[in-house]
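Everything below concerns the one structure shown next.
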Amino acid sequence: MSWLYQRQRKTAKKRLGHPTSWRMVNLLHLRWICKDQRPIGPCVNQDIVDELNKLVGIHESRLGGDDKWKVLQYRKAISSIRKETARITSLSQAQGLFGVGKKTATKIMEIVENGKTKRLEYEEQLDDTRVCKLFSAIYGVGPRLAWQWYQLGLRTLQDVREGKAGVKLTPAQRIGLEHYDDLQLRMPREEAGVIFGRIKEIALAIDPELDLQLMGSYRRGQPNCGDIDILITRPDMDGRTHKGIMRKLLPALHEKDILTKDLSMPHDLDDLEAKYMGLCRLGPDGKMRRIDILAVPYASWGAALLYFTGDDIFNRSMRLLASSKGYSLNQRGLYKNVVRDPKTRVKTVTGTLIASRTEEDIFAILGVPWQEPAQRRRAK
DNA sequence: AGGCTGTACTG
DNA sequence: CAGTAC
DNA sequence: GCCT
DNA sequence: TAATG
DNA sequence: CATTA
């Protein structure tokens, strides 16, 4: 490649000192999706993005080995396409985008010329594709179970409800099935805001020093949200914490009929770090909405904000970048000197905390230009 | 050829 | 652990 | 499916 | 039954 | 959950 590539290769080697490591190799991707700055405004290739996203939907529901990675790759390609300001008109132009190879480029040209891809048309007419997509849209049902049910001869949600072929549901899956239609919908961001406001009021009545934020697609400024994602912490400078907040808050929310169903509970209601997942609604006539409530230690507020703001592709790119620089990034912070078993990649040493208090710290250390939440949208 | 984020809950 | 989810 |  | 994966 | 003790 270019002189730039060669130079980066040398500096990377010098900095990291372990030239054969895959981490260094990753530093040589001159393309870090998390560093991309995209102009605001409509995407001139939105039709392509939309069609590729349909393909993503298909592969998500049938994870037969390679599909998982196809999904990731399509998403990376979509991210590149979204930040391209010129209309894509040729195969070579498409293939020049990072993450777009020959096969995706060919599909892109099909979309440009015909508005659709044969692959999608073919997939959509397949019975197993359609049925697996239907099943895996049930909360708690993934590609594996969907495929298993298909092979057992189930074809409709009614079959599942009746427990045909002796299929058993977990409590969470039963709830997912019961509210299937509601849970396919996104809600207007205003609704998310109102529900959040109610919850915040109740939480602050428990402890006025709590800090609550509405995360996910709401924080990214999207006009509608797939779920409600609430982060809770409490400044601990006065020697107190939010310990036990879940124990008080969850029953209070149930009592007000804001929370309606529990999908999973925190392992310890008194832990400073606790994760609740469930369903909620605006009122008796409101649609059921997915909600996650997360308590995090004050010290990891920034890392938690970063993680729960997303989006998915942005997060993965940040973590990969961190990893390439010898760090490890998770929802608790940015760490150095983490040791993983090279074989299993399982962490054996936690490492030293480098940053976690603010998002800005983490961006700065990783050398990623600051981006407002709304600019962190990669796939869509 | 082999990587592709890193973690938590359920059964 | 496998599966699912975030 | 794409990348090194 | 409790611990483990 | 299945396996183990």
Side-chain angles (χ1 to χ4, degrees), chain A residues 1 5 9 12 20-31 33-34 52 55-56 59-60 63 65-80 95 97-107 119 135-136 138-148 168-173 176 215-217 226-229 231 262-268 271 273-278 290-294 296 300 303-304 306-324 327-335 338 340 342 344-347 350:
Chain A
M1 218 184 268
Y5 181 98
R9 187 181 191 85
T20 55
S21 147
W22 64 270
R23 290 188 177 82
M24 191 202 83
V25 171
N26 272 311
L27 188 59
L28 301 179
H29 295 203
L30 302 184
R31 306 303 319 250
I33 286 173
C34 57
L52 291 180
L55 238 22
V56 167
H59 288 293
E60 270 179 336
L63 293 198
D66 280 356
D67 291 295
K68 179 180 172 188
W69 302 117
K70 290 183 182 180
V71 166
L72 174 63
Q73 199 55 48
Y74 277 133
R75 287 200 162 131
K76 287 178 176 173
I78 287 169
S79 176
S80 282
Q95 223 179 318
L97 300 173
F98 183 72
V100 176
K102 195 168 186 178
K103 298 176 101 166
T104 305
T106 304
K107 289 185 180 74
R119 179 58 185 271
F135 289 164
S136 59
I138 301 170
Y139 182 91
V141 176
R144 213 83 196 192
L145 195 52
W147 178 242
Q148 192 181 314
K168 296 283 183 223
L169 299 179
T170 66
Q173 289 162 350
M215 308 297 296
S217 46
D227 63 3
I228 292 175
D229 219 334
L231 205 51
D262 302 328
L263 292 169
S264 77
M265 298 293 286
H267 72 292
D268 179 359
D271 201 330
E273 184 181 314
K275 176 172 173 174
Y276 167 84
M277 301 167 83
R290 275 281 295 109
I291 182 169
D292 295 342
I293 302 176
L294 306 111
V296 302
S300 47
L306 180 59
Y307 175 62
F308 293 108
T309 298
D311 65 13
D312 190 43
I313 291 292
F314 179 83
N315 281 345
R316 290 164 82 152
S317 181
M318 288 284 274
R319 288 173 178 212
L320 200 56
L321 175 61
S323 170
S324 78
Y327 299 110
S328 173
L329 178 62
N330 62 25
Q331 56 267 59
R332 305 199 242 289
L334 182 63
Y335 294 81
V338 169
R340 287 197 173 80
T344 64
R345 304 242 46 238
V346 173
K347 196 187 288 183
T350 314

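Residue numbers start from 1 in every chain, and the chains themselves are labelled A, B, ... in the order their sequence lines are given, proteins ahead of strands.
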Hey, does [X] reach any base, or is it just sugar-phosphate, or nothing, if we go heavy atoms under 4.0 Å?
X        : value
A:Asp227 : nothing
A:Arg75  : nothing
A:Met277 : sugar-phosphate
A:Asn315 : nothing
A:Lys76  : nothing
A:Phe308 : nothing

Measuring from the side chain of [X] (C-beta onward, heavy atoms only), which nucleotide among [options] has the closest atom?
X        : options              : value
A:Asp312 : D:dG1, B:dT5, B:dG11 : B:dT5
A:Tyr307 : C:dA5, B:dG6, D:dG1  : B:dG6
A:Lys107 : B:dT5, D:dG1, B:dG11 : D:dG1
A:Ser264 : D:dC2, B:dC9, C:dC6  : B:dC9

Taking the same atom, [atom1], in [N] and in [M], what whole-Å distance lies between them?
N     : M      : atom1 : result
F:dC1 : B:dT10 : C1'   : 9 Å
D:dC3 : B:dT5  : P     : 15 Å
C:dG3 : E:dG5  : C1'   : 14 Å

Can you tell me how far the CG atom of A:Leu231 sits from the CD atom of A:Gln331, to the nearest 0.5 Å?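 The distance works out to 10.5 Å.
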Looking at CG of A:Asp229 and OG1 of A:Thr309, how far apart are the two atoms once the value is rounded to the nearest 0.5 Å?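 Interatomic distance, A:Asp229 CG to A:Thr309 OG1, rounded to 0.5 Å: 8.5 Å.
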Could you state the [atom1]-[atom2] distance from [X] to [N], rounded to the nearest angstrom?
X        : N     : atom1 : atom2 : answer
A:Ile313 : D:dC2 : CD1   : P     : 14 Å
A:Gln331 : B:dC9 : CD    : P     : 10 Å
A:Ile293 : B:dC9 : CD1   : P     : 15 Å
A:Arg316 : B:dT7 : CZ    : C1'   : 13 Å
A:Asn330 : B:dG6 : CG    : P     : 9 Å
A:Phe98  : B:dC4 : CZ    : P     : 14 Å
A:Arg319 : C:dC6 : CZ    : P     : 15 Å
A:Asp67  : D:dC2 : CG    : P     : 14 Å

Looking at [X], does any N or O in its side chain come under 4.0 Å of the phosphate oxygens OP1/OP2 on [N]?
X        : N      : answer
A:Arg332 : B:dG6  : no
A:Lys168 : B:dG11 : no
A:Ser328 : B:dT5  : no
A:Lys275 : B:dA8  : no

Salt bridge (Lys or Arg N to Asp or Glu O under 4.0 Å), that's the test. Do A:Glu60 and A:Lys70 meet it? Break it down for me. CA-CA 9 Å; A:Glu60 270 179 336; A:Lys70 290 183 182 180; over 6 Å; no
What residues, two or more places apart in sequence or in another chain, satisfy ring pair (Phe, Tyr, Trp, His ring centres under 6.0 Å) together with A:Tyr74?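 With neighbours one apart ignored, the set is A:His59.
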My understanding is that only residues two or more places apart in sequence, or in another chain, count here; which of them pass ring pair (Phe, Tyr, Trp, His ring centres under 6.0 Å) with A:Phe135?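 A:Phe135 satisfies ring pair (Phe, Tyr, Trp, His ring centres under 6.0 Å) with A:Trp149 only.
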Going by salt bridge (Lys or Arg N to Asp or Glu O under 4.0 Å), name the residues that satisfy it together with [X], two or more places apart in sequence or in a different chain.
X        : result
A:Asp227 : none
A:Arg319 : none
A:Arg119 : A:Glu123

Under the rule for side-chain hydrogen bond (donor to acceptor under 3.5 Å, both in side chains), what residues qualify as partners of A:Asp262, not counting sequence neighbours?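 For A:Asp262 the side-chain hydrogen bond (donor to acceptor under 3.5 Å, both in side chains) partners, ignoring immediate neighbours, are A:His254, A:Tyr276.
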Identify, with sequence neighbours excluded, every residue that meets side-chain hydrogen bond (donor to acceptor under 3.5 Å, both in side chains) alongside A:Ser317.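 Applying side-chain hydrogen bond (donor to acceptor under 3.5 Å, both in side chains) to A:Ser317 gives none.
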Using a cut-off of under 3.5 Å, enumerate the N/O to N/O pairs linking the protein to nucleotides 3-5 of chain E.
none

Using nucleotides 1-4 of chain C, report all nitrogen or oxygen pairs with the protein that are shorter than 3.5 Å.
residue: C:dG3; atom: OP1; partner: A:Arg144; partner atom: NE; Å: 3.1
residue: C:dT4; atom: OP1; partner: A:Gly142; partner atom: N; Å: 2.9
residue: C:dT4; atom: OP1; partner: A:Gly142; partner atom: O; Å: 3.3
residue: C:dT4; atom: OP1; partner: A:Leu145; partner atom: N; Å: 3.0
residue: C:dT4; atom: OP2; partner: A:Arg144; partner atom: N; Å: 3.2
residue: C:dT4; atom: O5'; partner: A:Gly142; partner atom: N; Å: 3.4

Stacking between A:Trp69 and B:dC4, defined as ring centres under 5.5 angstrom apart with planes under 30°, is that present or not?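 A:Trp69 vs B:dC4: stacking yes.
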Does A:Lys68 come within less than 4.0 Å of A:Asp66, counting only side-chain N to carboxylate O?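 Salt bridge: no.
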